[in-house]
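Hydrogens, waters and symmetry mates play no part in the numbers below; they use all other heavy atoms, side chains included. All of these numbers come straight from a predicted model, not from anything done at the bench. All ligand and atom numbering here is 1-based and tracks the order in the structure.
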Amino acid sequence: MELWVATGNAGKLTEIKNLLHSRVTEKGWVVRSQRDLAVFTPRPENGKTFLENAQIKTRAVAAVQRGVWVIGEDSGLEVEGLGGLPGLHSARYAGPKASDPENVAKLLKMMALKPMASRRARFVCTLVAISPEGTESHFTGELQGEIAKAQKGGGGFGYDPVFLPLIDGAVSTQTLAELGSGAKNRISHRAAALRAFLASIEGSAP
Ligand code: ITT
């Protein structure tokens, strides 16, 4: 089976490839991404929901890679004390071309401005899959947790250095960036959505 991942985000792609590793080695799946295309212009993510944005990016790759599976996802961080922000705007929280460290710095600043605000937060992910025949389906995942007071850890990407996940009902003392990719892939919003997709096709996959 050939599966294309509609993302330009290297951190997301690494996680998805790790989750698919056993299918590649044991079942011969071939996993590629839009980063492998010589020419590809991403479409503006101007949807009003995570689902609409996931559809925009997945359909863009499916339009140039026909007859294969294509998956893409839109994800983000919703912080209770910030009324759900950065939410849909997670990738561009500190500005249109903001880097991960700039977004993290803005989040810490916004939380510092509201010392009494709830630090409860969740990562959400909506994954869209388009089959070789063009049938579309979607899957979701979420990860509950809290925003740390300072960033810690060098792993992961995005807001991982400030996210303390809820593990077995308790808030972790380590951020996702400290826990590492193996632990993150057992609990993450992205892993949950991807596992739901895999469960849905596992019966029909060659
Ligand atoms: P693609 O659209 O090309 O996939 P992107 O980085 O623009 O890449 P999104 O539009 O889905 O992806 O933005 C999601 C942002 O939310 C991402 O850039 C991170 O800042 C944040 N985010 C999502 N999942 C995350 C995770 O597992 N860990 C840390 N931050 C995450």
Task: Identified salt bridge (Lys or Arg N to Asp or Glu O under 4.0 Å) partner of D160 from the options K152, K184, K12 - done: K184
Open item on the list: Please tell me whether S172 and Q174 have a donor and an acceptor in their side chains that are separated by less than 3.5 angstrom.
Closed with: no
TODO: For ligand 1, would you mind listing the residues that have at least one heavy atom less than 4.0 Å away, ordered by chain and number?
DONE: T7, G8, N9, K12, E45, K57, E73, D74, S75, G76, S90, A91, F123, F157, G158, Y159, D160, K184, H189, R190
Open item on the list: Between T135 and E133, do the side chains contain a donor N or O and an acceptor N or O under 3.5 Å apart?
Closed with: no
Task: Any S90 side-chain heavy atom under 4.5 Å of F123 side chain - done: no
Open item on the list: Among residues at least two apart in sequence or on other chains, which ones pass side chain to side chain donor-acceptor pair (under 3.5 Å) with T14?
Closed with: none
Open item on the list: Looking at every heavy atom in both G87 and F50, which two are closest together, and how far apart are they?
Closed with: C-CZ, 3.7 Å
